[in-house]
Amino acid sequence: MERSRPLVRRPLVTLLTAAALAASGLTALTSAARAADADLARNGGFETALDGWTCTAGAIVTSPVHSGTSALKAIPAGADNARCAQTVSVKPDSQYTLSGYVQGAYVYLGASGTGTTDVSTWTQSAPDWQQLTTTFRTGPSTTEVTVYTHGWYGTGAYHADDIALTGPGGGTSQPPAPPGGLTAGSVTSSGVTLSWSPVPGATGYAVYRDGARIRTVTGTSTTVTGLSPATAYAFQIAAVNGAGESARSATVTATTARRPDGGGSSDLPAHALVGYLHASFANGSGYTRMADVPDSWDVIDLAFGEPTSVTSGDIRFERCPVAECPNVESDAEFKAAIKAKQAAGKKVLISIGGQNGQVQLTTAAARDTFVSSVSAIIDEYGLDGLDIDFEGHSLSLDADDTDFKNPTTPVVVNLVSAVKTLKAKYGDAFALTMAPETFFVQLGYQYYGTGQWGGQDPRAGAYLPVIHALRDDLTLLHVQDYNSGPIMGLDNQYHSMGGADFHIAMTDMLLTGFPVAGDADNVFPPLRPDQIAIGMPASVNAGNGHVSPAEVTKTLNCLTKKTDCGSYATHGTWPDLRGLMTWSINWDRFSDWEFQKNFDAYFG
């Protein structure tokens, strides 16, 4: 506190002149300060999707918006408060203002890592767009802060738009120059090695395949894997720093080699129809004898082999009892019909799990029992392989298991080990298929396991490490695109069952690959199109998510011909898509073979 100064009387004109000069000086200082400040938030209006933002549950919407054409919509769920954040370069010991427009109940806007006092502001209720504003000063050594917005647990969706961080820019004032010297090096049937020249000021590089950003790396080379054999791909690289992303490099095109064996699953037809046969129950659809399954069905999955207990690993296959299935054939007739199907080029597999058959291989002993008991079923009936249909709580991830490429959870590690043992025992002819639900696969784009802050459902994305570890052994992946909640696609929009759009978006994710839990440095690689069959219910009786034959045809047209695509833009065209899977053969027969007839009409 300053001491009092003696009062000195001055002429009025002097006082007015001084006041005018002071006011002028103040205005000049304010203008200069504002001229030096800038909006440092990247894509604060969400006009370029979620570029620059990392969100646990965010999507872009076109209504409502505060300005422009897009805004953020995020939905808290369970223990997730739907946080969206980005890290911004700042100057030490400097003043900043954070602002944004929000709508919804309990919306927060804040900054962390300031080096002084982290700040946040919030509103309990914003029925219309409301501006939130807070200020902070960076610490003496702070060079970056994280700005964020989030909702609150268990409340409804919130919207955010026009988020701005105003203040002096950090050390990086503009994006780097585009990289040069991009070349394609070694090429295999499933991968291409890329290299390029370093760019001064770049902190990383974004890799684009066929126009879609697939990963970021810190070095000047990378190997893109999970590609289809004998397929041309176009690659570009952009340099990245705290100010944003450069223009993309010149395009380099590389064509993958053909597989030495001519391609995966060459003993399946180019387009295959897969169906589950109720072999151990009737389920209201009636029992269908193996010999009565039409020739259109290329892969027949026997439903189901189930464990004697959840953690035993001891799988048993019991055929439907006469009391439930009066027309059931004898074991001898059943086995003879399987042989006849195989002689006609069909595959007959044992499907393990299903809705009621939860399997948790928690120990090495359970793993070994799984191998021996599944082998016994395969040998007894002379089957061609195994379908993994683990549902419910069969697969979940431990809290510290965060890398799908290197899983540590016993139920995952033991399942992968068991399947590899079976594959080694029966050789290359062993067929391996999987039928996970969308919750265990595509949901992994947003959530993986318990999540960065914990509290998420540990089953989220839990099939990804299994699929990835077995991708070279995998004959078919046919995700169940039914009995599913809304799932976010690669367009960062939620897609719901009931039309072609859902099947197109879900399948595009498998064929394009996607960042797991939004991490651009941790990408689940795409599968080959010949490894993908789309899972659909055969009829309205079979499960939620049934679509008409016309919608099935739209789905196939979009993915194989890029026509009839509707609002979702795919990231490629895949004429080698293997085909369709349905639950089930029995339900299709119940509906006069509608699903099968549509498949036959489409593929001839």
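These values consider heavy atoms only, across backbone and side chains, with no hydrogens, waters or symmetry-generated copies.
Listed by chain and residue number, Y381 satisfy the ring pair (Phe, Tyr, Trp, His ring centres under 6.0 Å) test with F317 (two or more places apart in sequence, or in another chain). Listed by chain and number, the residues in a ring pair (Phe, Tyr, Trp, His ring centres under 6.0 Å) with H271 are F603 (sequence neighbours excluded). In this structure, the ring pair (Phe, Tyr, Trp, His ring centres under 6.0 Å) partners of F430, at least two apart in sequence or on a different chain, are Y426. Evaluation of the side chain to side chain contact (heavy atoms under 4.5 Å, CB included) rule for S496 yields P486 as partners, not counting sequence neighbours. Every residue was checked against the ring pair (Phe, Tyr, Trp, His ring centres under 6.0 Å) condition with Y448, not counting sequence neighbours, and none meets it. With sequence neighbours excluded, the residues forming a side chain to side chain contact (heavy atoms under 4.5 Å, CB included) with N492 are A49, L50, Y445, M488, listed by chain and number.
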Problem set entry | Pair D384-K346, salt bridge (Lys or Arg N to Asp or Glu O under 4.0 Å): steps then yes or no | CA-CA 9 Å; D384 296 288; K346 314 303 179 184; over 6 Å; no
Exercise. How far apart are the C-alpha atoms of H468 and F404, what are their side-chain angles, what is the distance that settles it, and do they pass the ring pair (Phe, Tyr, Trp, His ring centres under 6.0 Å) test?
Worked result: CA-CA 8 Å; H468 185 68; F404 77 91; 5.1 Å; yes
For this session: Would you sort out whether D576 and R578 count as a salt bridge (Lys or Arg N to Asp or Glu O under 4.0 Å), showing the intermediate values?
Result: CA-CA 6 Å; D576 293 332; R578 183 64 74 178; over 6 Å; no
For this session: Apply ring pair (Phe, Tyr, Trp, His ring centres under 6.0 Å) to W583 and H278, showing your working.
Result: CA-CA 10 Å; W583 177 265; H278 305 180; 4.8 Å; yes
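T433 is not listed as a side-chain neighbour of L477, based on a closest heavy-atom distance of 4.5 Å or more. L422 is listed as a side-chain neighbour of F370, based on a closest heavy-atom distance under 4.5 Å. At least one side-chain heavy atom of V192 sits under 4.5 Å from a side-chain heavy atom of F235. Looking at M536 and L580, their side chains come closer than 4.5 Å, going by heavy atoms from C-beta outward. Side-chain contact check for V479 versus Q442: some heavy-atom pair is nearer than 4.5 Å. Proximity of L277 to V293: side-chain heavy atoms (C-beta onward) are separated by under 4.5 Å at one or more points. Residues D387 and H478 form a side-chain contact, since some pair of their non-hydrogen atoms from C-beta on lies under 4.5 Å apart. Inter-residue side-chain proximity for W574 and I532 is flagged as unmet; no heavy-atom pair is nearer than 4.5 Å.
The salt bridge (charged side-chain N to carboxylate O under 4.0 Å, His left out) analysis of residues 320-342, with sequence neighbours excluded, yields the pairs R289-E333, D295-K341, R319-E329, R319-D331, K335-E380. Residue pairs that meet the salt bridge (charged side-chain N to carboxylate O under 4.0 Å, His left out) test with at least one member in residues 485-503, sequence neighbours left out, do not exist here. Among residues at least two apart or in separate chains, disulfide bond (SG atoms under 2.5 Å apart) pairs with a member in residues 324-363 are C320-C325. Residue pairs meeting the disulfide bond (SG atoms under 2.5 Å apart) criterion with at least one member in residues 495-559, sequence neighbours excluded, are C558-C565.
Surrounding CG of D379 are more than 12 heavy atoms belonging to other residues, nucleotides or ligands, all under 6.0 Å away.
Of the possible donor and acceptor atoms, one in the side chain of T188 sits under 3.5 Å from a partner among the backbone N and O of G191.
Between K405 and D403, no side-chain nitrogen of the basic residue sits less than 4.0 Å from a carboxylate oxygen of the acidic one, so the salt-bridge criterion is not met. For E551 and K554, the salt-bridge test passes: some basic side-chain N is under 4.0 Å from an acidic carboxylate O. For D301 and K347, the salt-bridge test fails: no basic side-chain N is under 4.0 Å from an acidic carboxylate O. A salt bridge is absent between D473 and R471; no separation between the charged side-chain nitrogens and carboxylate oxygens falls under 4.0 Å.
Classification of the W593-W297 ring pair by plane angle, with boundaries at 30° and 60°, yields tilted.
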If you look only at distance, which donor and acceptor atoms sit under 3.5 Å apart when one is on a side chain in residues 359-368 and the other is two or more places apart or in another chain?
| from | atom 1 | to | atom 2 | distance (Å) |
| --- | --- | --- | --- | --- |
| Q360 | NE2 | H393 | O | 2.7 |
| T363 | OG1 | A366 | N | 3.0 |

Return a table of donor-acceptor pairs under 3.5 angstrom between the side chains of residues 508-524 and protein atoms on other chains or two or more places apart.
| from | atom 1 | to | atom 2 | distance (Å) |
| --- | --- | --- | --- | --- |
| D508 | OD1 | T512 | OG1 | 3.2 |
| D508 | OD1 | H571 | N | 2.9 |
| D508 | OD2 | Y568 | OH | 2.6 |
| D508 | OD2 | H571 | ND1 | 2.8 |
| T512 | OG1 | D508 | O | 2.8 |
| D519 | OD1 | D521 | N | 2.9 |
| D521 | OD1 | T216 | OG1 | 2.3 |

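Rounding to the nearest 0.5 Å places OG of S484 at 6.0 Å from CE of M497.
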